[in-house]
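To start, the structure under review is shown below, and the notes come after it.
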Amino acid sequence: MKSMHAADIHFNNKPQLLADIIKCCDFFIATAIEEKPDLITIAGDLFDEGVQLGSPASLAAIDFVYKCGNVAPTVVIRGTTTHDAEGSINALAKLKTVYPIYVTDRLEQVGLTTGGFLTQVSLYRPGQEGEGIQGLADRGGDLLAVISCLPSINKANLMSTMSGSVADTSRETIDLVRDVLQGWGVINEQARALGVATVLVGHGTVTGSQLSTGQTMAGKDLEYTTGDLRLAACDLYCLGHIHKRQEWGNIFYSGSITRLNYGEAEEKGFYIHEITEGALSSRFVETPARSMRTKRPEGLPGVEVVEDVQQGDLVRIVYEIAEADVGKVDEQAIIDAAMAKGAAEVKIEKQIIPTVRVRAEGISRLGSLEEKLLKWGETTGQGITAGISEKLALLEEMEDPQAIIEHVYEGRVNEANSAAA
Ligand SMILES: [Mn+2]
């Protein structure tokens, strides 16, 4: 059984980024037409945010899933709730395509048969005759795969699956998910005995995953260990959520399909997995994702910073500069130079290091110079000795510098005389 696995497509309405996402999705479809997979899995975060029907993002997402469904049976699971808004993916199930499209925001197992997707797998109870995987196989014609769907977890979808156990509030959510995974494992073992491929499509965090520096995680995620996931005893795990592609044995994050921001510097793409008699072979295919380059010049940047910019690059220049030097950098000249080389975007992020000046609150309202000096000393933490105050008083009393010098000199002479006496 051959399957293609993508995730974190993040269709959105930013024109330039959307154009890039569409380019990478078109590449995915072109590859699918060539590879003729038996299954396509989209492991969550199809959307970047809740979008209106008719918006460029919604139309592009519909177009992509429609094309998938015309190449192979397709499973789309719901990703993070802030990205795949409530109900946003459900409309995709209504598309009329050559192959069936199965869309879900529930924890469930579905059977992929030559006659389409069957959901009866979840009705399985151990020990019940005619039920379970054999019953499913009997009803559905040729059973090609059992697909365990693990969308982003929230209480609602967990409760709908675990109706028997939710009353037991003392148990952690992750324990409930482990129970679900273990239950799926029973079915999957039976499927494997029948020579049927078993695939888990999930959206969530695996403990120890490496993030792209550009991906920020909102809030505390439910985390699975690879051991938790393996309770489901699948041949293959196709995950989404982490935007950097990575793998642990038969567990894969495809990563995002293109570079969503400057932090996602790593390669982008999708997987093609083949399961032959229980043995898995997988390969990663890179998409023609846009090039996003961050430059951190040492010292002040000039036009030479963008010397190696290529056609279509998105360039970010990050530098630090002292407040006094701000006028020395001609940012417009740098932008013009990059644009002349065909850059699609130039972003300049500078951190200005301010010249430190401490303001002593209310100092201007004080009358004498001595009061001002004491206030300044207090604010800046400088000790003001009696000697300094006296000398300052001289500055106020005597305007003539020569008179001040003579006064101080006389004082010294007197001091010396009295010491000698
Ligand atoms: Mn994502």
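No experiment lies behind these values; they were computed from the predicted model shown. Read the numbers this way: they start at 1 and go in the same order the structure lists the ligands and their atoms.
Considering just the N/O/S atoms of Asp45, the one nearest the Mn ion (ligand 1) carries the name OD2.
Aromatic rings from Phe284 and Phe252 are positioned such that their centres are separated by 6.0 Å or more.
Vertex the Mn ion (ligand 1), arms ending at OD1 of Asp8 and NE2 of His243: the angle is 90° after rounding to 10 degrees.
Side-chain contact between Phe117 and Pro73 is present, with at least one heavy-atom pair separated by less than 4.5 Å.
The Mn ion (ligand 1) has no N, O or S atom of His241 under 2.8 Å away, backbone or side chain.
Checking Ser282 against His273 by side-chain atom types alone, a donor-acceptor pair falls below 3.5 Å.
Note that the OG1 atom of Thr205 and the OH atom of Tyr253 stand 5.0 Å from one another [nearest 0.5 Å].
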